Amino acid sequence: TNQKTIGAVVTGVAEAVTIAGVTFAAMALKDKKTREKVKKTLIGAKDQAMDYLETLKTDLNVKEETQIVKKAVTKDK
């Protein structure tokens with residue numbers, strides 16, 4: 001059917017893109033300077049993600065504490 005054909009074509013294209021990406025990455029990582037740039041970029045991305053998670057954690061704790069205070073204040077009224 002048409003859906004099976006389309007699915008097969010999409011799968012084939014996805015595989016080709018994946019293989020091309022892996023080949024490109026392998027070629028690019030042969031160069032030491034490129035490897036260092038990739039390493040620095042990945043470390044930077046990791047650090048930013050960790051900072052963001054810490055910010056979210058803090059924000060969530062503040063929101064939880066704010067809710068507790070709001071409940072306590074509204075109880076007293």
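This one's a predicted model, so the numbers in the text were calculated from it and none came from an experiment.
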Ile19: what forms a side-chain contact (heavy atoms from CB on, under 4.5 Å) with it, not counting sequence neighbours?
Thr23
Are Lys39 and Ile43 packed together at the side-chain level, in the sense that at least one heavy-atom pair is separated by less than 4.5 angstrom?
yes
Arg35 and Lys30 have their tightest heavy-atom pair at NH1-O, 3.0 Å
Here the gap from Thr41 atom OG1 to Lys46 atom NZ, rounded to the nearest 0.5 Å, amounts to 13.5 Å
